[in-house]
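The block underneath contains the structure these notes are about, expressed in structure tokens.
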Amino acid sequence: MSPKITISAIHHITAITPSAAENLAFYENVLGLRLVKQTVNFDDPYTYHLYYGDNRGTPGTILTFFPWENLPQGVPGAGMVTAIAFAAPLRAFDFWRRRLERMTCDVKTGERFGDPVLHFADPHGLPLELIGQSEPPVTPHWRAGPVPAENAISGFHSATATLHHWPENRALFSSLLGMTLFKQAGNRYRFASGDTRAAGHFWDVVIDPQAPLGQQGGGTVHHIAFRAASDAAQLEWQSRLRAANISVTEVRDRKYFRSIYFHAPQRLLLEIATDGPGFSVDEDEAVLGASLKLPQSYEPMRADIERHLPPLRTSTQVPADTCAPTEPVPEDHSV
Ligand code: ZN
């Protein structure tokens, strides 16, 4: 038996939006995340794949979107990540409450495991949270962004998945993926992954056997990726998943990292991605996200692809008075 290995933290989270330009306006101007890569969906090259993060797109800070223009609204539900939580300094909590109340539709204040939480949504209904922490993870702030360094978001705090049954998910995340069951309140279970200093090292599972399955569409999460420190660690995960009779893909080259994919119960799509090579592999850190980057195989199609993609930077502002109707997220009986 090989030694115990653990997932170190969240690597990235990928969600779906019906408008690339409105998406960019919100994540840059309101949350102050940096667009660190402008590329296309490698499986669907006539659509964008946008990556946001800290100044260099450190794993644990990366939120990515597939913008499928005018896609109908989805419904968050079981088998999905139903909330994405960012970390910010505790002393900046009021700054964010006032900023989000001014710039978004509906902000609610709560508390979870002793930390203050802001609940809000992006312009297309994606459920977001911001959690104040006395010692948030240290990540390089986007210096040219609109949020002062002392208040900046420092990657993910955690993400929450809604699932039906506890025993099978405990077995997956604890026994197989090596996470530690850290806290529980009501039907919310919090796992901590290996690196407590890393952004995104918490993973929450809300168990709700009655929750309807989510429907993928605008404003929902597509999948979540956890970190593998190296290619060797990724292959080790692949063989452990196979040994547990979980169907897992071959390693896929995503240019900025390498990935394997598999499903958790209720078809929650999970990925394990390598930390490297990172977003500076095809452009300098100073100009990350400034121009469209394509994998070599799509370069011959560049003119055609560029003709099909909608303009990213338009005069589009955050649509302050056009809040998406938010569907109620399955009930969370926790704190
Ligand atoms: Zn991914």
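This one's a predicted model, so the numbers in the text were calculated from it and none came from an experiment. In each ligand, atom 1 is the first atom listed, and ligand 1 is the first ligand listed.
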Open item on the list: Under 2.8 Å from the Zn ion (ligand 1), can any N, O or S atom of H12 be found?
Closed with: yes
Task: the Zn ion (ligand 1) to nearest N/O/S of H223 less than 2.8 Å - done: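 Within the cut-off used here (under 2.8 Å), H223 does place an N, O or S atom near the Zn ion (ligand 1).
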Task: F86: which of F93, Y27, F156, Y52 passes ring-ring contact (aromatic ring centres under 6.0 Å, His included) - done: F156
Task: Check ion pair R313-E28 (N to O, under 4.0 angstrom) - done: yes
Task: Exercise: do T58 and D54 side chains pair donor with acceptor under 3.5 Å - done: yes
TODO: State whether a side-chain donor-acceptor pair under 3.5 Å links T274 with R227.
DONE: no
Open item on the list: Looking only at N, O or S atoms in E271, which is nearest to the Zn ion (ligand 1)?
Closed with: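 Considering only N, O and S atoms, E271 comes nearest to the Zn ion (ligand 1) through OE1.
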